Amino acid sequence: MPMACFSILSPPHPTLTLTLLPPSHSQCGGFTVRVSVALTERLSQHHKTNSIIPSTRAAANGGGFETETAVVEKPQLKTLFQASRGYPSPFGATVRDGGVNFAISSLNALSATLCFFTLSDFQNNRVTEYVPLDPLINRTGGVWHVFLKGDFRDMLYGYKFDGKFSPLEGHYFDSSHILLDPYAKAVISRGEFGALGPDGNCWPQMAGTVPSEDDEFDWEGDLPLKYPQKDLVIYEMHVRGFTKHESSNTKFPGTYLGVVEKLDHLKELGVNCLELMPCHEFNELEYYGHNSAQGDYRVNFWGYSTINYFSPMIRYSSAGIRNCGQDGINEIKFLIKEAHKRGIEVIMDVVFNHTAEGNENGPIISFRGVDNSMYYMLAPKGEFYNYSGCGNTFNCNHPVVRQFIVDCLRYWVTEMHVDGFRFDLASIMTRSSSLWDGANVFGAPIEGDLLTTGTPLSSPPLIDLISNDPILCGVKLIAEAWDAGGLYQVGTFPHWGIWSEWNGKYRDTVRLFIKGTDGFAGAFAECLCGSPNLYQGGGRKPWHSINFVCAHDGFTLADLVTYNNKNNLSNGEDNNDGENHNNSWNCGQEGEFVSTSVKKLRKRQMRNFFLSLMVSQGVPMIYMGDEYGHTKGGNNNTYCHDNYVILLSTGKFQCTCHHIVNSINLSSTFLQHNYFQWDKKEESSSDFFRFCRLMTKFRQECESLGLADFPTSERLQWHGHFPGKPDWSETSRFVACTMVQ
């Protein structure tokens, strides 16, 4: 019997089939329309089921339609996975019971679909399999979950969420986006650092790796070193910058393995704690655009713009996306294990104050599409609070978000073996969340609790949770105790007796005193004692102060004594970016090319700074490259340079980046880059590295340094130009002391 059949297929939605049957002899002028719906379900069974559906038939004489009931066979299609209800915890993708459980929190979504990719399909921007989640079966409260069995080898995944798209109400649900699971353990997108995606795309599709029972790493019995914090000498390092320079002569420059090849340098320097600048997954092409001032392209070199907090930065590995990122995970584990073998702890610099999704104009990658109003701090009409200065603010004290942060920290301690964390713009973690409510946070209303979104809290729930967590309370916790919204908490950060702080007041005071500013002799003496003016009254100790003179943002030690003014023109922002108040002194002449007497004075000043750092009570932190006098040419904000640039004496500004050379005219001469220059460190004419090495050794061997408590008058005596006669006058430039061991 002839018929016409029409099908409309739009996964993961049902397949709609319309079949037109010609009339029989008794149905003159009429026809029958049968409509069948076949749901694409992810089950491995191949049996047929009967379904009773209505069938509509045209009336015999063309006058209207009549309805009958028909039995239609609905065959199940062969699919990749066998599905069952699953479990609402733990969040993320978890191997268990011969399959993988998927769970994710999205309270405001109306529907959820798991999307799977084979690696080949992913590279061709094609979804391999959709798994729609039934809200009646696969949802518990605000958690969507499903348990799947099947072949997950080389399989990636993401989510589609649908619901209200209403920015004014804080909702950005859009089922056209495939989103990263915030709990994904590896993120796959581009495989090479700095390489554009297909068709020049800076934001190609990203997906998480489905875990496997075969994902194992031999830790060789590695255990945490558990150094007392008072005994630490911290070294702030950028993974790529440490070995990317050609003079490193490493097999895998700019990678985790490259750092492993150079760990003995840290051992020689006397460092026993490595603080890694952000190694969570970020997009280095986030700021990608032509930089007319330099003739190349800006990138996000530093990495303070996180995409995913569980995944290490895959493009810092030599393996890239090989083995769906698992080899990259193993490379950072290998770095941590090898550091521990050399007696070096590893601290992660983590950025829980904002994400790479930016403000309302930013991309929808993960958190925003999963549940924007939960993950971000929002104003009543959906606007993003911007206490981070980067477009959005992570909603840290929301119950779900603070548990997410703790889960992430636990993962890096238990699975990755890190020894602690430095929290970027940590003061944001002390601010009240969106829709702050005492009953919501503490279980009962608090009298007088009229706090608005973003108000600083004396007992922030997140800090409380971290401080009292049985796993995290044993690791190093360091706060950058300020944010871009004006909150400055150095000396007052909620600490529970275990949080340390980057001591920005130490940095400023030491710089001012050594450059010769009036009125800082007494304040400098406080710094030498571990800043008791900041920490003693709150019951803390000297080791709660992380002392530093230089860090990644700001002048290097060499530039601190070479430039009075920042020189950030190469950033392409007309020198408007970066800190204007650097408390630096060029020793009489600006720039690199100066008289011999000025060069000698600069070397002496650098020794003064490093000596002060090493003899101060508290924990010293050295910035990468300062041990040999690394210069960035006066640029105090080199966040956007994955290169090195030279302004030649002919007036040509030459940039070497990815084998491309461009030149433009400028007016001065300087050297600037983010790469550690191993050839400079090895130069026989430089003895500064030897001085630094001997000073760290002296600190470690001197029992009077690195004290567990603040020194008292019984063991500390101050002097001026004459013994026992300190000079605390406004014009004093001389401070001396003796310590009794």
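Small disclaimer: the values here were computed from a predicted structure and weren't measured. Quick note: residue numbers are just sequence positions, from 1.
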Q: In this structure, is the centre-to-centre distance between the rings of Trp482 and Phe493 below 6.0 Å?
A: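 No; Trp482 has its ring centre 6.0 Å or more from that of Phe493.
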
Q: Determine whether Leu257 and Leu335 make a side-chain contact, defined as any pair of heavy atoms from C-beta on separated by less than 4.5 Å.
A: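 No. Closest side-chain heavy atoms not under 4.5 Å.
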
Q: Testing the basics here: between Ser584 and Lys515, what is the closest heavy-atom pair and its distance to 0.1 Å?
A: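 So the minimum-distance heavy-atom pair works out to O-CD, 3.7 Å.
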
Q: State whether Arg315 and Glu281 are salt-bridged, where the test is any N-O pair (Lys NZ or Arg NE/NH1/NH2 against Asp/Glu carboxylate O) under 4.0 Å.
A: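 Yes, Arg315 and Glu281 are salt-bridged.
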
Q: Should Asp577 and Asn637 be marked as a side-chain hydrogen bond (donor to acceptor under 3.5 Å, both in side chains) after you check the CA-CA gap, both sets of side-chain angles, and the distance that decides it?
A: CA-CA 7 Å; Asp577 63 303; Asn637 191 33; 2.9 Å; yes

Q: Do Pro494 and Thr430 have side chains that get closer than 4.5 Å, going by heavy atoms?
A: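 Of all side-chain heavy-atom pairs linking Thr430 with Pro494, at least one is under 4.5 Å.
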
Q: Does a salt bridge link Glu415 with Arg410, judged by any charged N lying under 4.0 Å from a carboxylate O?
A: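 The answer is no: the pair does not qualify as a salt bridge.
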
Q: Measuring only between side-chain heavy atoms, which start at C-beta, is Ser317 closer than 4.5 Å to Phe252?
A: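 Side chain of Ser317 against side chain of Phe252, heavy atoms only: no contact under 4.5 Å found.
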
Q: How about Asp508 and His581: does a side-chain donor come under 3.5 Å of a side-chain acceptor?
A: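 No, His581 and Asp508 have no side-chain donor paired with an acceptor closer than 3.5 Å.
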
Q: side-chain contact (heavy atoms from CB on, under 4.5 Å) for Ser612 and Ile514? Distances and angles first, verdict last.
A: CA-CA 9 Å; Ser612 299; Ile514 290 180; 3.5 Å; yes

Q: With rounding to the nearest 0.5 angstrom, report the CD1 to CD1 distance, Ile546 to Ile347.
A: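 Interatomic distance, Ile546 CD1 to Ile347 CD1, rounded to 0.5 Å: 7.0 Å.
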
Q: Counting C-beta onward and ignoring hydrogens, is there a side-chain heavy-atom pair between Thr255 and Thr243 closer than 4.5 Å?
A: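 Contact flag for Thr255/Thr243 side chains = no.
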
Q: Check step by step if salt bridge (charged side-chain N to carboxylate O under 4.0 Å, His left out) holds for Asp483 and Arg431.
A: CA-CA 10 Å; Asp483 66 22; Arg431 292 183 180 270; 2.7 Å; yes

Q: Check the pair Trp543 / Ser500 against side-chain hydrogen bond (donor to acceptor under 3.5 Å, both in side chains), numbers first and verdict last.
A: CA-CA 7 Å; Trp543 49 267; Ser500 303; over 6 Å; no

Q: Within 45° of the ring axis of Phe609 and under 6.0 Å from its six-membered ring centre, is that where the NZ or CZ of Arg511 lies?
A: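 Checked: cation-pi criterion not met.
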
Q: Examine the side chains of Thr638 and Lys632 and answer whether a donor and an acceptor come within less than 3.5 Å of each other.
A: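 There is such a pair (donor and acceptor under 3.5 Å, judged by atom type) between the side chains of Thr638 and Lys632.
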
Q: Would you please test Val619 and Lys230 for side-chain contact (heavy atoms from CB on, under 4.5 Å) and show each step?
A: CA-CA 6 Å; Val619 179; Lys230 68 181 184 63; 5.8 Å; no

Q: Are His265 and Phe689 close enough that their ring centers fall under 6.0 Å?
A: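 Yes, they do, as the ring centres are separated by less than 6.0 Å.
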
Q: Counting only heavy atoms not in Arg733, do more than 12 sit closer than 6.0 Å to its CZ atom?
A: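 Yes, the 6.0 Å shell around CZ holds more than 12 heavy atoms from other groups.
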
Q: Let's go through Ile329 and Phe334 carefully: what are the C-alpha distance in whole Å and the side-chain angles of both, what is the deciding distance for side-chain contact (heavy atoms from CB on, under 4.5 Å) to 0.1 Å, and is it a yes or a no?
A: CA-CA 9 Å; Ile329 294 174; Phe334 182 68; over 6 Å; no

Q: Please determine if Lys185 forms a cation-pi arrangement with Phe310, meaning its NZ or CZ atom is less than 6.0 Å from the six-membered ring centre and no more than 45° off the ring axis.
A: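 The answer is yes, since Lys185 meets both limits relative to Phe310.
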
Q: When the ring planes of Trp219 and His417 are compared, do they come out parallel, tilted or perpendicular, using 30° and 60° as the limits?
A: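 Parallel, since the angle between the ring planes stays under 30°.
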
Q: Give me the atom names and distance for the closest heavy-atom approach of Ser732 to Asp727.
A: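 Closest pair (atom of Ser732, atom of Asp727, distance): OG-O, 2.8 Å.
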
Q: Between Glu345 and Lys476, does any NZ, NE, NH1 or NH2 come within less than 4.0 Å of an OD or OE carboxylate oxygen?
A: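 Looking at Lys476 and Glu345, the cut-off is met.
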
Q: Between the side chains of Glu268 and Lys681, is the shortest nitrogen-to-carboxylate-oxygen separation below 4.0 Å, so that they form an ion pair?
A: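 Salt bridge: yes.
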
Q: If you define the side chain from C-beta out and look only at heavy atoms, does anything of Lys600 sit under 4.5 Å from Arg602?
A: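 A side-chain contact is absent here, since even the closest heavy-atom pair is not under 4.5 Å.
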
Q: Pairing donors with acceptors under 3.5 angstrom, does anything connect the side chains of Asn636 and Asp553?
A: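 Result is no, nothing qualifies.
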
Q: Looking only at side chains, do Asn353 and Ser388 share a donor and an acceptor under 3.5 Å apart?
A: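 Not at all, the side chains of Asn353 and Ser388 share no donor-acceptor pair under 3.5 Å.
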
Q: Just so I know, are the side chains of Ile463 and Ser467 near enough to count as touching, which here means a heavy-atom distance under 4.5 Å?
A: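 Ile463 reaches Ser467 side chain to side chain.
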
Q: Could you tell me if the ring centre of Tyr535 sits under 6.0 Å from that of His544?
A: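 For Tyr535 and His544, the ring centres are not under 6.0 Å apart.
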
Q: Looking at Lys337 and Glu220, is there a salt bridge between them, counting it only when a charged N and a carboxylate O are closer than 4.0 Å?
A: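 Salt bridge present between Glu220 and Lys337.
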
Q: Check whether Phe193 forms a cation-pi arrangement with Arg240 (NZ or CZ under 6.0 Å from the six-membered ring centre, at most 45° off the ring normal).
A: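 That pair qualifies as a cation-pi contact.
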
Q: Evaluate the criterion ring pair (Phe, Tyr, Trp, His ring centres under 6.0 Å) for residue pair His721 and Phe734; output intermediate values, then yes/no.
A: CA-CA 7 Å; His721 290 284; Phe734 190 91; 4.6 Å; yes

Q: Is Met624 close to Glu236 at the side-chain level, that is, under 4.5 Å between some pair of heavy atoms?
A: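 Sidechains of Met624 and Glu236: no contact.
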
Q: His238 and Phe301: aromatic ring centres closer than 6.0 Å?
A: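 Between His238 and Phe301, the centre distance is under 6.0 Å.
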
Q: Please determine whether salt bridge (charged side-chain N to carboxylate O under 4.0 Å, His left out) holds for the pair Lys541 and Asp709, giving the CA-CA distance in whole Å, both sets of side-chain angles, and the decisive distance to 0.1 Å.
A: CA-CA 5 Å; Lys541 305 298 180 181; Asp709 211 337; 3.3 Å; yes

Q: Between Asp424 and Arg422, is the closest basic N to carboxylate O distance under 4.0 Å?
A: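 Looking at Arg422 and Asp424, the cut-off is met.
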
Q: Would the Tyr304 and His552 ring centres measure less than 6.0 Å apart?
A: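 Yes - the distance between ring centres of Tyr304 and His552 falls below the 6.0 Å cut-off.
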
Q: Is the number of heavy atoms from other residues, nucleotides or ligands under 6.0 Å of Glu703 CD greater than 12?
A: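 No, because the 6.0 Å sphere around CD of Glu703 holds 12 heavy atoms or fewer from other groups.
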
Q: Could you tell me if the side chain of Leu276 sits less than 4.5 Å from the side chain of Tyr256, heavy atoms only?
A: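 No; the side chains remain at least 4.5 Å from each other.
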
Q: Would you name the heavy atoms of Cys587 and Gln605 that are closest together and state the gap between them?
A: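 Smallest interatomic distance, heavy atoms only, reads SG-CG, 4.0 Å.
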
Q: For the residue pair Arg607 and Phe691, would you count it as a cation-pi contact if the rule is NZ or CZ under 6.0 angstrom from the ring centre and within 45 degrees of the ring axis?
A: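 Positive - Arg607 is close enough to the ring of Phe691 and near enough to its axis.
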
Q: To the nearest 0.5 angstrom, please state how far the CZ atom of Phe421 sits from the SG atom of Cys408.
A: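 Reported to 0.5 Å precision, the distance equals 7.0 Å.
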
Q: Using ring centroids (six-membered ring only for Trp), state whether Tyr628 and Phe676 fall under 6.0 Å.
A: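 Yes: the rings meet the under 6.0 Å criterion.
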
Q: For side-chain hydrogen bond (donor to acceptor under 3.5 Å, both in side chains), just list the numbers for Tyr506 and Ser616, CA-CA rounded to whole Å, side-chain angles, deciding distance to a tenth of an Å, and then say yes or no.
A: CA-CA 10 Å; Tyr506 175 96; Ser616 296; 2.8 Å; yes

Q: Can you check whether His280 and Tyr309 have ring centres sitting under 6.0 Å from each other?
A: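 Ring-ring flag for His280/Tyr309: true, centres closer than 6.0 Å.
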
Q: Trp502 pairs by ring pair (Phe, Tyr, Trp, His ring centres under 6.0 Å) with which of Phe423, Tyr488, Phe548?
A: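 Passing option: Phe548.
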
Q: Compute the centroid of each ring, for Phe520 and then for Phe513, and state whether the two points are separated by less than 6.0 Å.
A: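 For Phe520 and Phe513, the ring centres are not under 6.0 Å apart.
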
Q: Would you check if there is a donor-acceptor pair between the side chains of Gln489 and Ser427 at a distance under 3.5 Å?
A: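 A pair is found: one side chain offers a donor N or O, the other an acceptor, under 3.5 Å apart.
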
Q: Just do the side-chain hydrogen bond (donor to acceptor under 3.5 Å, both in side chains) check on Tyr639 and Asn674 with the steps written out, would you?
A: CA-CA 9 Å; Tyr639 71 97; Asn674 273 319; over 6 Å; no

Q: Are the side chain of Glu331 and the backbone of Ser318 linked by a donor-acceptor contact shorter than 3.5 Å?
A: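 Yes; judged by distance alone, with no hydrogens or angles, the pair exists.
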
Q: Atom CZ in Phe688, atom NZ in Lys603: separation rounded to 0.5 Å?
A: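 Between Phe688 CZ and Lys603 NZ, I get 10.5 Å after rounding to 0.5 Å.
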
Q: Once you round to the nearest 0.5 Å, how far does OH of Tyr623 lie from CD1 of Ile234?
A: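 Between Tyr623 OH and Ile234 CD1, I get 15.5 Å after rounding to 0.5 Å.
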
